[in-house]
S.K.: 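Could you have a look at this structure, given as structure tokens, before my questions?
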Amino acid sequence: MRTYRTLGEIRADIDRNQLTLVDLVKSYLQNIEDTSHLNIFLEVFEDEALAKAKDIESKLKSGTSGRLAGMVIALKDNICYAGHKVSAASNILEGFESLYSATVTKRLLAEDAIIIGRVNCDEFAMGASNENSAKGLVKNPVNPERVPGGSSGGSAAAVAANCCLVALGSDTGGSIRQPAAFCGVVGLKPTYGRVSRHGLIAFASSFDQIGPISQSVEDSALVLEVMAGHDSFDTTSSKLRVDKYSEYSDFKPLKIGYIEECLTNSAIDDEVKKTTEQLIERLKTKGHAVEPVHIEELKYLVPTYYVITTAEASSNLSRYDGIHYGYRSDASEDIDSTYRLSRSAGFGPEVKRRIMLGTFVLSAGYYDAYYAKAQKVRRVIKNRTEQLFEEYDLLLSPTTPTPAFPIGSNTNDPIKMYLEDIFTVHANLVGTPAISLPLSTHPESALPIGVQFMAKKFDEKLLLDFSHNLMQSAALKK
Ligand code: GLN
């Protein structure tokens, strides 16, 4: 079967009677099996997906189908789906089944999406390589010796390996955009509050957002349009009107600032730098005004992010106590040993490291020095970014300093791993939307390189219009 890159292509072939939805699902199931060595899927909802395909096929025939009919989606294993297991790739949630569906899951299903399975990720979404999963690491479909990125590594790999059309990820500090960049697909982190977090297993609640990973900007736009909007179950979800992201406006010259500190950063790979510079020139010839801008605070972004997110995580993860959810240690004797033994055995090393770090920065003696200070820095960065957006429509940077790194190369050095997030945490600290686009590949390794665009809060429409246009002109050039 041919590889479909957009829902539009699938629907066109169904309309022409050249494709049935059941055959499409079967071919994804086959691809899942053929790529099982990459360890992408934690569970495949085979029978359910096939039954749904039949059902939606007849809705398509009778003209009663939803907007996502024909779209096959994988869920990151931290997004709840009623009656299905969810584990955040952690042993502490062993055997746990969701009692309710996340709002995003409900909204996708209501528009006739088919959910084909749940995919691997870093434990509790903490990581940048998918090597922190208690369910084993994921390999990058482009080059299986490389990591797929994280924490939504399974989601990006599933789309890149053609195991589904779209996958949902979550992004706290780059977890949608970085794996999308590493696997050569599109990844969109919406504005904080654009999409409900109800039913997303919490990592850092003032950062987390759910978003799509797809082959095309069109599909990300459509999925966002379906998922976005107020939800009474999440008081941080915005009541602002949801734009028609899936309807594109014509080309419009924009004012784009590229963050110079990203390109002069010592961590950046030469080729990543070169491609970004080439893109800047291309954008200029297309009629955009592209200028350097400065975020002198760049070096403070990663430390600020790790102080605040670990603080929030230490609080969010206190609910896994060996009593309420999933795993309980057999050796427990009383309440104290139930907590201690269950948490000691249930959490992996990175999660424990973050709980300890978070507890430390919140502790009475250190609160002012770390947590309160980091909040102040967050405010400074927010103000600076908002100032830039008064002048610029978009901010540009590479998504990541390097292409996908070899499996195992960063695992012994958490600080090195944390620095992978240097360009992505910005959008989460300030709450703006950001997208990673697969615009080039490394000339030697052939690994994908992503470029990131950030827009003002709730300016997804402009971000997606621009991205759509850019991807189309890039495709024309090929
Ligand atoms: N790599 C970052 C971290 O480890 C981002 C994770 C995320 O966005 N969920 O925290």
Side-chain angles (χ1 to χ4, degrees), residues 75-79 88-90 119-133 137-138 147-156 167-183 187-190 192 195 197 200-213 267 301-314 316-317 347-358 361 374 378 399-402 404-405 410-411 413-436 450 452 454:
L75 294 181
K76 181 175 179 178
D77 188 36
N78 62 355
I79 298 173
S90 178
V119 285
N120 209 338
C121 57
D122 282 300
E123 185 176 357
F124 285 102
M126 296 173 183
S129 67
N130 220 126
E131 291 165 297
N132 295 336
S133 168
L137 55 83
V138 175
V147 303
S151 64
S152 314
S155 306
L168 291 192
S170 65
D171 193 312
T172 306
S175 276
I176 289 176
R177 292 159 285 153
Q178 188 251 21
F182 279 11
C183 295
L188 171 69
K189 181 202 92 75
Y192 181 79
V195 173
R197 290 178 295 114
L200 168 70
I201 294 181
F203 164 8
S205 307
S206 75
F207 294 72
D208 300 341
Q209 268 295 288
I210 297 171
I213 294 180
L301 299 187
V302 170
T304 307
Y305 167 83
Y306 276 93
V307 170
I308 306 175
T309 55
T310 54
E312 293 185 14
S314 71
N316 274 326
L317 271 60
F347 288 132
E350 181 60 26
V351 175
K352 283 183 195 158
R353 181 180 297 126
R354 297 206 191 193
I355 292 173
M356 285 191 283
L357 206 60
V361 299
R378 187 178 196 182
T399 309
T400 56
T402 63
F405 46 88
N410 280 349
T411 33
D413 188 349
I415 304 283
K416 206 169 151 213
M417 191 72 98
Y418 295 171
L419 285 172
E420 279 298 315
D421 307 325
I422 184 157
F423 304 147
T424 46
V425 294
H426 185 181
N428 306 77
L429 279 163
V430 302
T432 50
I435 195 164
S436 177
Q452 170 177 252
M454 253 167 75

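As the structure lists them, so they are numbered: ligands from 1, and atoms in each ligand from 1. Below, each value reflects all heavy atoms present in this structure, side chains not excepted, and no hydrogens, waters or symmetry copies.
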S.K.: Taking only residues two or more places apart in sequence or in another chain, which ones pass side-chain hydrogen bond (donor to acceptor under 3.5 Å, both in side chains) with Asn410?
M.R.: Lys416
S.K.: Are the ring centres of Tyr305 and Tyr418 closer than 6.0 Å?
M.R.: no
S.K.: Can you confirm if the NZ or CZ of Arg378 lies within 45° of the ring axis of Phe207 and under 6.0 Å from the centre of its six-membered ring?
M.R.: yes
S.K.: Any chance you could measure Arg177, atom CZ, to Asp421, atom CG, to the nearest 0.5 Å?
M.R.: 9.5 Å
S.K.: Taking only residues two or more places apart in sequence or in another chain, which ones pass side-chain contact (heavy atoms from CB on, under 4.5 Å) with Ile176?
M.R.: Ser152, Asp171, Ile213
S.K.: Applying ring-ring contact (aromatic ring centres under 6.0 Å, His included), name anything that partners Phe203, two or more places apart in sequence or on another chain.
M.R.: none
S.K.: Can you list, by chain and residue number, every protein residue with a non-hydrogen atom closer than 4.0 Å to ligand 1?
M.R.: Ala125, Met126, Gly127, Ala128, Ser151, Asp171, Thr172, Gly173, Gly174, Ser175, Phe203, Tyr305, Tyr306, Arg354, Asp421
